[in-house]
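Starting from 1, each residue takes its place in the sequence as its number. Indexing begins at 1, ligand by ligand and atom by atom, following the structure's order.
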Amino acid sequence: MQGLFFEKYYFVTLSGNTIETMIVVSTQLEVKQLVLEWQAKGHNIGFVPTMGALHRGHLTLVERAIIENNKVVVSIFVNPTQFNDPKDLEKYPRTLEADLALLKPLGVDLVYTPTNNDIYPEPDTRVFDFKGLDKVMEGAHRPGHFNGVAQVVSRLFDIVMPTNAYFGEKDYQQLQIILEMNRQLGFSTNIVPCEIIREADGLAMSSRNMRLSAEHRIAAIEISRTLAASKTMAKNHTIQEVETYVVKTINAIPLLRVEYFTIANAITLQPITQWTNAPKTIGCIAVFAGDIRLIDNVIYN
Ligand code: PAF
């Protein structure tokens, strides 16, 4: 179709029709202005916060948001406050042009790509109390990580004012923390959990997968394979037996090293020792494939 871009918000065809196109802005002022306009028109707003390096997992969240909302906002921001390892922050993939090219055909209305200064005009000194949800598993191995996640997500919610916000269950602990943050801060946003999207061979999709060497990528298949096998095993083995099986099987692959595998109550996230200790049970794992840290999980009931 031939036409002209008018300002940065509209595409005007030569016959004069105006078609809204994907708007990309980097200040919270612009986001708030648009969101307020949309709210005044009675639109509901779906929001997918991301750190970029988008893959099919993210796009699935965006597609769902598009189906369930009148307007969809995606943020792309590599949040420094959630990285406890500066090297990890430095190496985190940044692929903005490719990300925008993936989002545009989906029908996203607005992409917010803030600078650090736009999100944190002053250092965020808030310390959240997540009642132990953040003290186990990822939280125990990445001190301060979830506090940083809560800082950025709460700021983004203040700016985007979403009706619905979409989060993947691969980051299961993050999802529970965001539910708690949302409750504590009294946001009216509905948090929508979305199931894990996997590669054809079972590896949970992650922006970190693109940094795996060919050998580590093959080895990493063992993570989801072992978790799936542990689900069958759980039917007639104790928690200790299942935990030992998972750790030994994955560590037997020379390129992989389990950092932790914990079977926990899926609501409180506290580790359990008997299957009957929790109404819903989850196994969460973190594995190093070389220096790339991968996480995954399995629900047992
Ligand atoms: O899951 C992520 O990508 C990030 O933790 C999030 C929620 C976008 C906050 O930076």
Close N/O pairs between ligand 1 and protein, under 3.5 Å:
unit_1: ligand 1; atom_1: 1 (O); unit_2: Q174; atom_2: NE2; d: 2.8
unit_1: ligand 1; atom_1: 5 (O); unit_2: Q82; atom_2: NE2; d: 2.9
unit_1: ligand 1; atom_1: 5 (O); unit_2: Q174; atom_2: OE1; d: 2.7
unit_1: ligand 1; atom_1: 10 (O); unit_2: Q82; atom_2: OE1; d: 2.6

**OP:** Using distance alone, with no hydrogens and no angle criterion, decide if E30 and Y112 have a side-chain donor and acceptor under 3.5 Å apart.
**Re:** no
Original post:
For residues Y92 and N79, is any side-chain donor paired with an opposing acceptor at under 3.5 Å?
Top reply: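 Per modelled atom types, Y92 and N79 side chains form no pair under 3.5 Å.
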**OP:** Taking only Lys NZ, Arg NE, NH1 and NH2, and the carboxylate oxygens of Asp or Glu, determine whether R183 and E180 approach each other closer than 4.0 Å.
**Re:**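 Yes, R183 and E180 are salt-bridged.
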Original post:
Mind checking what makes salt bridge (charged side-chain N to carboxylate O under 4.0 Å, His left out) contact with R155, not counting sequence neighbours?
Top reply: D124
Original post:
Mind checking whether L227 and I285 have side chains closer than 4.5 Å, heavy atoms only?
Top reply: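 They are in contact (side-chain heavy atoms under 4.5 Å apart), so the answer is yes.
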Subject >> Option from K91, R208, R211, R257 for which salt bridge (charged side-chain N to carboxylate O under 4.0 Å, His left out) with D291 holds >> reply: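 The residue from K91, R208, R211, R257 that satisfies salt bridge (charged side-chain N to carboxylate O under 4.0 Å, His left out) with D291 turns out to be K91.
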